[in-house]
Amino acid sequence: MAVAGTETVPVARDRGRNQTVPVAVAEAGTETVAGTDADAATAPTAPKAPPIDVEAPNEASEAAADGGATERGPSRAPGPSQARREGATSSAAAAADSGGASADSPSQARREGAPSSAAAAADSGGASAVHGALLGRPDYALLDAAWREVLGDLGRGAWSEAAGRQSRVIELGRDLGLPNLPQLSAVLLRAADDAARDGAVDGAESLASAAVTLSPDLVAPRVEKTRYLFQRTPFALATQIREIRRAFENLRVDLPALLAFAGNAVTATSWVIILLLVAFAFAMVLRYFRFAASDLRRLLPRGVTQAQTSLLLFVLLLAPFFAGLGVLCTAGVWLCATALYQRTAERVATVILVVGMAALPRLSTDVLRALSFPATAAATIDRCATGPCTLEEEAEVVTYANTHRHAFESNFTAALTLARDGRLDATERARAESYARTALELTPGPEILTLRGNLAYFGALEHCGGARMGLPKASAQVEASFRDAIASWEQARALEPSYLPATYNAAVTHLQLGDEAEGQSLLESALALDPSAVATWNKEFAREQNLLRCRETELPARHLMPPRLPTDGLLNDVFAEDLPAVGLIVPYAELVTARIGVRGVLAVAIATLVICLLMWTLSRTIRPSRPCRECDAVADPRTRLDLGARSICERCLLTDIRRSFADPKEQWFRDKERELARARSARRARWLSWFLPGIAQLLRGAPLRGLLFLGLMLACGIAGLALNVVVDDPVSPSGIGAGRLAFFGTIAALTWLVSVIDAHSARGA
């Protein structure tokens with residue numbers, strides 16, 4: 001969620017593919033609105049048909065386009081799932097199946113193909129809820145009705161009851177082959193925020209846990225669950241750490257969350273670089289202003305006083321900012337002006353920070369790529385692979401596969417969406433196998449091999465009718481298809497032994513074939529990989545629903561774990577896209593760059609580095625002013641005495657000469673005066689360390705240590721208060737959250753404490 005002062009770049013979206021649909025949960029007299037995921041919310045469409053192959057449309061797709069029912073094949077037994085697949089389920093039937101959905105609700109119009117951007121219905125309590133077009137597809141009618149009951153509980157504020165109804169929603173989603181339901185999880189997370197604001201932390205944690213179950217592969221539900229766990233039981237560290245670890249593991253497959261995280265991290269990094277650069281340049285000016293003014297005075301005509309020279313230098317240092325060149329250019333001028341006087345460690349810090357400044361345009365381009373992702377072809381492919389998407393989006397994925405755009409990913413996803421619920425006729429299965437074969441030829445991997453095994457398993461179900469009637473040929477065909485599926489899964493395990501879907505699917509299929517020893521061994525291996533996932537998928541198997549071959553053929557998606565789409569290729573394509581630089585995407589960017597713009601940042605960085613290198617070279621040939629080793633005053637090159645790398649000013653030199661002639665008491669007072677001057681300088685640095693960690697080290701000649709303290713403080717502040725500065729995505733974590741503030745606040749407090757101790761210690765002095 002963007003914070004105040006954050007500048008984001010608006011991204012034009014293809015309205016035919018990425019519609020933003022509001023989601024609201026309303027109570028009596030009030031309405032709380034939250035936006036659905038712009039990546040996943042889509043407009044309702046015509047009744048479901050198989051994705052249309054743009055090169056060879058089949059009769060099924062033409063029938064679906066006309067609104068008619070599609071023939072599913074002679075081996076299917078009629079049932080609610082078949083009616084749902086055919087698009088012939090009425091709202092009355094959905095209500096009867098789910099327990100009371102209204103027949104004349106807007107849901108009915110959606111199932112009949114009437115387009116609308118949102119639909120509202122919740123019978124209980126008269127509460128209304130607007131949710132995304134996910135539930136407008138006719139094959140999701142039962143899921144729609146079950147979800148409306150949840151919305152009714154949310155509208156009444158019955159948080160625990162709403163969380164308790166999720167088992168039916170999860171079961172229906174699994175029947176449809178949907179691994180995640182991000183749109184529904186987004187609504188639950190918004191409701192969890194409402195529950196937390198009402199003081200029902202237990203209800204908020206229950207809703208977040210339900211969101212995790214609805215979308216186990218997404219990052220945000222686990223992060224939000226951790227937040228509410230911390231609010232409820234702050235010392236349950238083991239559970240919180242486990243959820244955070246699973247959230248980070250999910251970043252590999254949750255591409256929108258990964259890009260949002262990367263965009264936020266890059267934006268925070270850019271802001272830290274800018275602040276560190278300005279702080280370091282300001283510290284260099286404070287440290288060496290006297291010396292630069294002394295050398296400037298020698299270049300001016302006689303009669304110019306030190307005060308006049310200091311005023312002139314002050315104006316010159318601020319001139320770039322008031323000329324409209326921005327903060328970055330001004331900091332570059334400050335570094336150039338003090339380059340003559342810097343020590344070796346300070347020069348190293350200057351190079352590091354100037355290189356970071358040169359990288360700012362590239363970092364902002366990466367943020368722009370993250371912002372632009374929802375409107376790209378990669379986002380469409382990822383949506384359809386991760387969870388539900390519209391028929392138009394499925395057709396787009398097929399188009400990408402036929403035109404070789406994101407070739408492996410589009411072919412993989414086209415096969416995955418065709419095989420989603422496992423109830424394939426011969427034509428659909430042939431098309432799915434064709435896409436899977438193409439994907440395997442492009443990039444062999446355990447995911448596509450697992451998908452091919454799943455397709456072979458689903459193909460066996462076509463012969464189950466004959467097998468149930470005792471036909472030997474049909475039984476042999478079922479067993480042969482099962483063996484083919486196991487062979488594909490074993491190939492996947494050979495490439496990656498720890499790949500869970502292939503291991504689990506092979507285990508349950510061996511058990512169905514009667515291979516008890518092999519099946520139990522593979523099942524134990526799967527349990528060792530992920531006990532919770534195996535327990536979830538093995539629930540029906542444990543009830544002996546699938547122990548016999550050809551049982552539950554109308555719900556084949558419950559049998560097998562689906563593979564996940566590998567996101568590495570899509571991620572590489574996103575960051576390889578050439579985008580124009582439109583400006584630095586950081587808070588207060590217009591103040592940072594001003595007239596120079598994003599293209600001028602690189603030029604300023606190069607000019608700063610070149611001038612600093614020139615100044616460092618000149619410092620070996622000319623004699624700039626230096627600090628006195630005795631009193632830290634300005635040692636003028638005309639009057640000082642150089643003793644190696646240290647210098648003695650004229651006053652201290654004369655004092656040492658007179659030491660043998662001066663009265664001991666008078667000499668003692670002079671030495672004491674110099675000690676007091678050094679002590680005052682040390683006290684000023686220590687006093688500043690209480691307010692800005694690291695500044696004391698910068699002023700005392702330890703720039704790398706000072707930048708470390710300052711950088712940690714700035715990073716903790718930005719991460720704790722503005723972690724979501726790129727996108728406002730309801731599927732991503734929103735709000736600051738006590739858990740996040742406590743974590744980063746603890747790190748910042750420890751950094752501040754160590755910085756103060758270091759500034760007050762002998763080493764810091």
Side-chain angles (χ1 to χ4, degrees), residues 173-180 216-217 253 385 412 415-424 429 432-433 436-437 439-440 444-464 478-566:
R174 187 167 300 144
D175 292 347
L176 293 168
L178 300 173
N180 300 282
D217 296 335
V253 294
F412 182 99
L416 186 65
T417 54
L418 278 170
R420 181 139 275 170
D421 62 2
R423 292 167 292 168
L424 302 171
R429 189 163 59 85
E433 289 176 349
R437 184 167 53 253
L440 182 61
E447 298 86 2
I448 187 60
L449 286 169
T450 300
L451 180 56
R452 291 195 72 186
N454 290 9
L455 289 171
Y457 182 99
F458 296 148
L461 303 183
E462 292 185 2
H463 308 288
C464 281
V478 170
E479 182 168 352
S481 296
F482 278 3
R483 296 294 180 187
D484 290 342
I486 290 174
S488 293
W489 294 325
E490 290 300 330
Q491 292 178 28
R493 295 185 66 242
L495 291 178
E496 186 176 334
S498 62
Y499 192 64
L500 177 63
T503 305
Y504 174 78
N505 294 347
V508 297
T509 307
H510 271 296
L511 291 174
Q512 289 186 3
L513 288 171
D515 303 334
E516 293 289 338
E518 185 68 20
Q520 288 296 336
S521 175
L522 288 172
L523 191 59
E524 291 175 2
S525 299
L527 282 168
L529 293 173
D530 192 338
S532 61
V534 172
T536 300
W537 282 93
N538 202 47
K539 181 177 65 174
E540 294 296 330
F541 190 87
R543 293 177 181 174
E544 299 186 357
Q545 296 295 316
N546 299 325
L547 279 177
L548 300 178
R549 283 173 278 180
C550 296
R551 291 288 301 271
E552 298 289 341
T553 56
E554 285 300 319
L555 301 173
R558 291 191 186 185
H559 299 200
L560 306 177
M561 284 189 186
R564 295 171 175 174
L565 172 68

Can you tell me how far OG of Ser488 sits from CD1 of Ile448, rounded to the nearest 0.5 angstrom?
10.0 Å

Calculate, to the nearest 0.5 Å, the distance between atoms CD and OG1 belonging to Glu496 and Thr450 respectively.
9.0 Å

Under 3.5 Å donor-acceptor, Ser521 side chain and Ala517 backbone
no

Residues two or more places apart in sequence or in another chain: which of them pass side chain to side chain donor-acceptor pair (under 3.5 Å) with Glu490?
Arg493

Do Leu424 and Leu455 pass the side-chain contact (heavy atoms from CB on, under 4.5 Å) test, and can you show the C-alpha distance, the side-chain angles, and the key distance before you say yes or no?
CA-CA 9 Å; Leu424 302 171; Leu455 289 171; 3.9 Å; yes

Can you measure from CG (Leu513) to CZ (Arg483) and round to the nearest 0.5 angstrom?
4.5 Å

Side-chain donor or acceptor of Asn505 paired with backbone N/O of His559 under 3.5 Å
no

Begin with the C-alpha distance, continue with both residues' side-chain angles, and end with the deciding distance and a verdict on side-chain contact (heavy atoms from CB on, under 4.5 Å) for Leu560 and Phe458.
CA-CA 10 Å; Leu560 306 177; Phe458 296 148; 4.0 Å; yes

Starting from the C-alpha separation in whole Å, work towards a yes-or-no answer on salt bridge (Lys or Arg N to Asp or Glu O under 4.0 Å) for Arg429 and Glu433.
CA-CA 6 Å; Arg429 189 163 59 85; Glu433 289 176 349; 3.1 Å; yes

What distance do Leu522 atom CG and Trp489 atom CH2 have between them, rounded to the nearest 0.5 Å?
11.0 Å

If you measure from CZ on Arg420 to CG on Leu176, what distance do you get to the nearest 0.5 Å?
9.5 Å

Roughly how far, to the nearest 0.5 Å, is CZ of Arg564 from CG of Asp217?
4.0 Å

